[in-house]
Enquirer: 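Below: one structure in structure tokens.
Throughout, a chain's letter reflects where its sequence line sits, starting with A, and its residues are numbered from 1.
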Protein chains: 2
Amino acid sequence: MMSEVETRTASEHTRARLLDAAREVFSQYGFQGATVREICRRADANGAAVNYHFGSKEGLLTEALNFSQLAALQNDNVKSADCPKERLRLFLRDFMLMLLDEKNASSQCRIMARELADPTPALDQIVSEAIAPLHKFLGKLLREIVGDQVSETELRRCVYSILGQCQFYRHSHPVLQRMNPKLRYDHKEIEAIAEHIADFSLAGIRHLAKKST
Amino acid sequence: MMSEVETRTASEHTRARLLDAAREVFSQYGFQGATVREICRRADANGAAVNYHFGSKEGLLTEALNFSQLAALQNDNVKSADCPKERLRLFLRDFMLMLLDEKNASSQCRIMARELADPTPALDQIVSEAIAPLHKFLGKLLREIVGDQVSETELRRCVYSILGQCQFYRHSHPVLQRMNPKLRYDHKEIEAIAEHIADFSLAGIRHLAKKST
DNA sequence: CAGATTATCAAACGCTTGTTTGAAAGTAAA
DNA sequence: TTTACTTTCAAACAAGCGTTTGATAATCTG
């Protein structure tokens, strides 16, 4: 039964299944709400597997976090040859697709969003590895758009305004769906949302840039 | 020892203390994270008091919710004689003061914000009594600003953009404070934030109104 | 005052949680 | 095959949870 060639060892296979299940369950129920037993059940692993492989529930969360997709998105954007405004549009499109697409491996972002409401010790890692770089990336991008006249404080608030809009759709999803049952985050809808945020924000940014000159 | 004249009965006094403590603890730890024992400890009440007076932890949450402040804020705003844009500014100022002021009895809003991330059965009540009216109020206000040419969908997205910005500061507070330790939501800072959101959003709204004519 | 009702209390209940245990099974090298 | 090591497993553990209990105290009622 142990003749698999793909997976290195059975142990690593279990580890991987646990990580997958963990991302799923953590993103769905949050760190507190998620139970080790449920994660093990979905991973078809024994209840002691988490502690054996990751030391603790928290260790599992730490290893389950993976921001490579978010980092790649920013990297690609920086390398693109488009003008800053267009790059903001592109970023918002990709970011919202990652953030809202249900099928996507956006569990990372969902876990992140949950941590905001309910910080665990993993929040430090999330802030330094994902959120801070993201803010820095957006800050630079906006700086290219507004020029040098806008203060750092105002620029930071613009970053907040943009991220606030983005997070709203993920964060308030349960509420929005109750008030508007036909709401569905399909590909087309997500692109429309991203476009709205881009239009809305670029107008807001331009206004600030004008005001300060 | 029972010669208090202020409180109707000792029982009602206990109820009131429990409700106060509940708002405090729920807003601090969320519904899941809050424990009945901690609430009772802060209320100087016996561990069985919650079940005796409110039936269950969830019953306590239901009764602890109180949106009168939020409703009053909208009522006052509607009655004001200012132009729609100025009323939006005023609303944002009052709303952010309520949302961010630590001393304020903004626990209601904090509980609300927590429910968004982690819905409990009380979310239905919160949506119908607080969030839906709030969205409706903002929708009407924005409609006055943009006129009839903007579609319902676009208008709704503008409401989302504004609320998203507002919620961001409450919701991401733990993160923002880690990245910017000197951050403090004092009265002046809150007003500056509200003003930024107003400027940013009015520019975004104007842009959409222009585009659709 | 006497009796009925209401409120408080310490203690315990049943359940779920993350974690530990020690044996069994699997794996790898000699 | 023997030996040493790793991984899995069912079971149990201690701690914390919301809730219930039954006795005690306080309050109201007639």
Enquirer: Provide, to the nearest angstrom, the distance between the OH atom belonging to A:Tyr52 and the C1' atom belonging to C:dA24.
Expert: 14 Å
Enquirer: To the nearest Å, how far apart are B:Glu58 CD and D:dC17 P?
Expert: 18 Å
Enquirer: Please check if any side-chain donor atom of B:Thr120 sits under 3.5 Å from a side-chain acceptor atom of B:Glu115, or the reverse.
Expert: yes
Enquirer: Phosphate oxygens OP1/OP2 of C:dT16: is one of them under 4.0 Å from a side-chain N or O of A:Thr35?
Expert: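 For A:Thr35, the contact criterion (side-chain N or O under 4.0 Å from OP1 or OP2 of C:dT16) is not met.
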Enquirer: Among B:Ile39, B:Val36, B:Thr62, whose side-chain contact (heavy atoms from CB on, under 4.5 Å) with B:Lys57 holds?
Expert: B:Val36
Enquirer: Expressed in angstrom and rounded to an integer, what is the separation of B:Glu38 atom CD from D:dC17 atom C1'?
Expert: 14 Å
Enquirer: Taking only the side-chain nitrogens and oxygens of A:His53, find out if one of them lies under 4.0 Å from OP1 or OP2 of D:dT8.
Expert: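 Indeed, a polar side-chain atom of A:His53 lies that close.
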Enquirer: From the list D:dT6, C:dT6, C:dT19, which nucleotide is the closest neighbour of the side chain of A:Ser56?
Expert: C:dT19
Enquirer: Do the rings of A:Phe200 and A:His196 sit parallel, tilted or perpendicular, given the 30° and 60° boundaries?
Expert: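 A:Phe200 vs A:His196 ring planes: tilted.
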Enquirer: Run the side chain to side chain donor-acceptor pair (under 3.5 Å) test against B:Glu195 and tell me which residues pass, sequence neighbours left out.
Expert: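 Residues passing side chain to side chain donor-acceptor pair (under 3.5 Å) with B:Glu195: none at all.
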Enquirer: Between A:Gln32 (CD) and D:dG18 (P), how many Å, whole number?
Expert: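 A:Gln32 atom CD is separated from D:dG18 atom P by 11 Å.
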Enquirer: Is there a side-chain contact between B:Ile205 and B:Leu88, using heavy atoms and a 4.5 Å cut-off?
Expert: yes
Enquirer: Whole-Å distance between D:dG18 C1' and B:Arg41 CZ?
Expert: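 Whole-Å distance recorded here is 18 Å.
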Enquirer: In whole Å, what is the span from the CG atom of A:Asn51 to the C1' atom of D:dT8?
Expert: 14 Å
Enquirer: Counting only side-chain N and O atoms of B:His13, is one of them less than 4.0 Å from OP1 or OP2 of C:dA7?
Expert: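 So the side chain of B:His13 is outside the cut-off, no N or O lying under 4.0 Å from OP1 or OP2 of C:dA7.
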Enquirer: For residues 22-50 of chain B, which residue pairs qualify under ring-ring contact (aromatic ring centres under 6.0 Å, His included), counting only residues two or more places apart or in two chains?
Expert: B:Phe26-B:Phe31
Enquirer: Does OP1 or OP2 of C:dA7 have a side-chain N or O of B:Ser11 closer than 4.0 Å?
Expert: yes
Enquirer: Summarise protein proximity over nucleotides 9-15 of chain C in one line of letters, 5' to 3': B for base, S for sugar-phosphate only, - for none, counting protein heavy atoms closer than 4.0 Å.
Expert: BB-B---
Enquirer: Between the side chains of A:Asp44 and A:Arg17, is the shortest nitrogen-to-carboxylate-oxygen separation below 4.0 Å, so that they form an ion pair?
Expert: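 Here A:Arg17 does not pair with A:Asp44 in a salt bridge, since their nearest N and O are not under 4.0 Å apart.
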Enquirer: Would you mind reading off the distance between A:Glu12 atom CD and C:dG26 atom C1', rounded to a whole angstrom?
Expert: 16 Å
Enquirer: Return the value, rounded to whole Å, for the distance between atom CG of A:Leu61 and atom C1' of C:dT17.
Expert: 17 Å
